[in-house]
Every structure is written in C-alpha cells, then in structure tokens.
Protein chains: 2
Amino acid sequence: MTSGLRDRKKAATRRALHVAALELVAERGLDAVSVDEIATAADVSPRTFFNYFPTKDDAVLGLDPDESGSVAAAVAARPGDETPVEALRAVAVERAAVMARDGELWPLRMRVVDASPVLLAHLAAAFGRGDHEVAAVLAARSGTGPQDLYPLLLAGVSGVAMRTALHRWLATDFTASLPDLMDEAWGVLAAGLPAPR
Amino acid sequence: MTSGLRDRKKAATRRALHVAALELVAERGLDAVSVDEIATAADVSPRTFFNYFPTKDDAVLGLDPDESGSVAAAVAARPGDETPVEALRAVAVERAAVMARDGELWPLRMRVVDASPVLLAHLAAAFGRGDHEVAAVLAARSGTGPQDLYPLLLAGVSGVAMRTALHRWLATDFTASLPDLMDEAWGVLAAGLPAPR
DNA sequence: CTGCAATCTTGCAGTCCCCGCATTTTTTGT
DNA sequence: ACAAAAAATGCGGGGACTGCAAGATTGCAG
C-alpha cells in the first residue's frame, strides 16, 4: 500500500532534506544556513524544499507529522484499568525507548536544538501540538470534559516530562538511559513533586 | 531616576506599538497585518518598530522583557522554610492576581494568541524562557545542582500550570478567577496528579 | 509498450520580515 | 543655549516563504 516507488522517493527526499539541514546547522548554526544551501545539499531545487517542509526550522527538527496523533492512539490503547498517569507514563517510557533506539538521530537533533532558543521553542511546541488530542483521550478515560483541568494539565505535564528527560539525556552526553530518565521524571511527578533529599 | 521624559516616551511608544499590533491582529489575523501597518498605527517609522521589538510576534505578545527575571527573584524572596512547591505555587498565584488585575489586556492577548498556533508556541516559549533562572533558584533552595531532575522538572511544570490556567480562563470567557484557576492547578500537581472522582 | 492522467518538480516573480549602517532629530546635563 | 547622549529615521539588502504556470515522472489501463 505504502510502498510505491513514488512514496519511497518522497520519503527519501524528505529524509535527505532533514539530514542535510541537521548537519549543516550543526556545523554552522541556524542563521548561517540558508534554505537554498539545504536544498542544494539534498539535490533538489530550492522551491521543492517547501513542498516538504513549511519552514526551515521544521526541516531541522524533521519531526514525523503524524507522530503526535499516534501518541494519542497509544494512550487510548492502554488497558482501561490503568490510571491516566500510569497509562501516560507507560507510553512515555515506550516512546523514549524508541527514540533512544534511533541511533544518532535524536542525539544530533538534541545537540542542534539545544544550541538555539528558537529551535528549542519549536520543539517544545511540537511536543505540545498533540496535547489537545491527548487531553481528549484522557478526558474520555477519566470521564471528564476535554476543557477540564485534569486532562489539560496532564497532557501539558507529559510534554514537560519529555523535554526534561531529553535535556538531561543531553546533559549526560547520551550515556544515560533515556527510558530510565523518563521514568524517573514521572516518578517525581506522580509523587506530587516532593522536595528531594 | 526612572522617570525622565525620555523613559516615559519610550514606555508609551512601546505600549502603543503593542496595542496597535494586538488590535490589528485581533481584527485581521497575524498574517494579514504587516509590520509597516503596525508602525503606522503607532505613529512611528517602520524602522523604529525594530528598536522596540525584535520580531512582529513579540510586538503582538508585548511581554515585559524583565518579567522572567523577576519571577526568579520572587521565588528567591519567599521564606526559606517553604518547600519549593509551596514557594512556586505562591508566586504563581500572586502573578495570576497581577495579570487578572491588568484589565482587558490579558484577555485580549489570550484571544489573539489562542487563534494562532505560532503565537501560542511563542507565548509558551516566553513562559519557559525564565525556566533556567527559576531552576537555578530552586536548585539553590533545595541544595541540588541546576542540572538535576528536580529543579528542571519543577520549573517546567510551573510553566504548564500557567498555560493551563490561562487556557481555562479563556475557556470561561474570563469570568473565572485566574488566581483560583492557578491554585487549583497547583493543587492537582502537588497531589501527584490523582485521577479525579 | 504506449498513451493518458495524476502527481511531483522546478523556475519565476513578488511580498514581507528583519538587519546593518549612516544621518537626522530629540532629550539631557550643564 | 550648547555639546554629548540617545533615539528615530531612511536606505539598501539578504533571505524566508508563496502563488502560479510550465515541464518532468510515475501510475495505470488498454
């Protein structure tokens, strides 16, 4: 279904643009790299770049556009006897495992993103993009409305856990286990943020 | 000291630009308003616009640049026998009270921001901008390092509480009490996000 | 394998954001 | 009133992004 020559080429071009953007920006910084250079490095015309990514920043982040939806789906698929926190925590740890398994891509992404406040903001926004869907799923699970406090707060908090875990992963130069860092963060959250020591 | 004619004029111009940006964007949407129009509406040259705001988006948000620092200072000024959560919660509620007292400004801001994903991301980023300072203060209070899990998580969570409270304030068409919404959010956080009901 | 339709790529022209630099105007301290 | 400091302005330019229309590729039916 998804494996026509057309689709494979599209995926390859998309990835080539993302990798080119990532590596160029890693070397020179975001502002010193132009869209034209990225396009040239990926062997497409500058105009084609915008057929794949709406902005230069998006190409650098290179996030899968339907990933946010899949998070909501993953939460919905958790057994119904789990509390919302348990379900969200399990999904987050699983997601962390996938990201850590991805080889050098996420580490490189994190290094690049961490060096630019703009990209940092965009990444955080990307994690928050699916929040409404996640909140809706949580609302369904806990029997509350999607505009209620609990689902909104929980969806937002899960984004913070993700960002914090990633930040600390970077701080350890990616020697730590990302799933462990994620689980640790959720542990503190589930305990009500008690003062350490 | 701070009350020369010069400084008053600067503040007035800044506010004029912000209000002009806010009202124009509220009417027509972010993309349909140019910097030139905002500058004209505020009676300054287009070039001068950029002496006050680095980007068009910043003019629409119109956030006080030294507010983020003052949050960290407010946390540092809380009595030392409070737990970090208590201190942060108190500061957040106090901040909410100030924002709610500001008349129509924050409601208008929220309406405009909520209509644009880009602005939403920028606002979230702005709330997160002071996170590092807050995390540093918290680290000092709790005797941990600024790269440790606890201060990072707590600083991030406080941003989520702010965003969630603002979102729900908007959802009630600003009839609810923002400080109450803020306190409610922190109550759930401090309790470890228990499933409601 | 050939023609046709759908899709993708590309070039072109244009708008607008944002910046550095030099010049002019306004404010301040004396 | 005058010189120094600071702000406003004008000009020129690089680069992101878009709509449009033409050209190239791919999928499919015969």
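Chain letters run A, B, ... following the sequence lines, proteins first and then strands; every chain starts at 1. Computed from a predicted model, the values in this text were never measured in an experiment.
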So does [X] pair up with [Y], basic N to acidic O under 4.0 Å?
| X | Y | result |
| --- | --- | --- |
| B:Arg28 | B:Glu37 | yes |
| A:Asp173 | A:Arg111 | yes |
| B:Glu86 | B:Arg78 | no |

With a 3.5 Å cut-off and sequence neighbours excluded, list the donor-acceptor pairs that the side chains of residues 143-150 of chain A form with protein atoms.
{"unit_1": "A:Thr144", "atom_1": "OG1", "unit_2": "A:Ser142", "atom_2": "OG", "d": "3.3"}
{"unit_1": "A:Gln147", "atom_1": "OE1", "unit_2": "B:His167", "atom_2": "NE2", "d": "3.1"}
{"unit_1": "A:Asp148", "atom_1": "OD2", "unit_2": "A:Gly145", "atom_2": "N", "d": "2.9"}
{"unit_1": "A:Tyr150", "atom_1": "OH", "unit_2": "B:Leu193", "atom_2": "O", "d": "3.0"}

At a heavy-atom distance below 4.0 Å, what parts of residues 24-45 of chain B sit against DNA chain C?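 Listed by number, they are B:Val33, B:Ser34, B:Val35.
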
Check whether NZ of the Lys or CZ of the Arg B:Lys56 lies under 6.0 Å from the centre of the six-membered ring of B:Phe49 and within 45 degrees of that ring's axis.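 No.
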
Nearest 0.5 angstrom please: B:Met162 CE to B:Leu178 CG, how far?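 Rounded to the nearest 0.5 Å, the CE-CG separation comes out at 7.5 Å.
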
Separation of A:Ser116 OG from A:Leu123 CG (nearest 0.5 Å):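 The OG atom of A:Ser116 is 10.5 Å from CG of A:Leu123, to the nearest 0.5 Å.
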
Measure the distance from CG on A:Asp7 to C1' on C:dT7 and round it to the nearest whole Å.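 One finds 11 Å between C1' of C:dT7 and CG of A:Asp7, rounded.
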
Round to the nearest Å and state the distance from A:Arg8 atom CZ to C:dT7 atom C1'.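 Spelled out: CZ on A:Arg8 to C1' on C:dT7 is 16 Å.
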
Does any residue of residues 47-55 of chain B have a heavy atom under 4.0 Å from DNA chain D, and if so, which ones, in number order?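 Output list: B:Arg47, B:Thr48, B:Asn51, B:Tyr52.
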
Does C:dC8 have OP1 or OP2 under 4.0 Å away from a side-chain N or O of A:Lys10?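 So the side chain of A:Lys10 is within the cut-off, an N or O lying under 4.0 Å from OP1 or OP2 of C:dC8.
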
Look at B:Lys56 and C:dC18 and indicate whether a side-chain polar atom (N or O) is within less than 4.0 Å of OP1 or OP2.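 No, outside the criterion.
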
Using 30° and 60° as the class boundaries, would you call the ring planes of B:Trp169 and B:Phe174 parallel, tilted or perpendicular?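 B:Trp169 and B:Phe174: perpendicular rings.
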
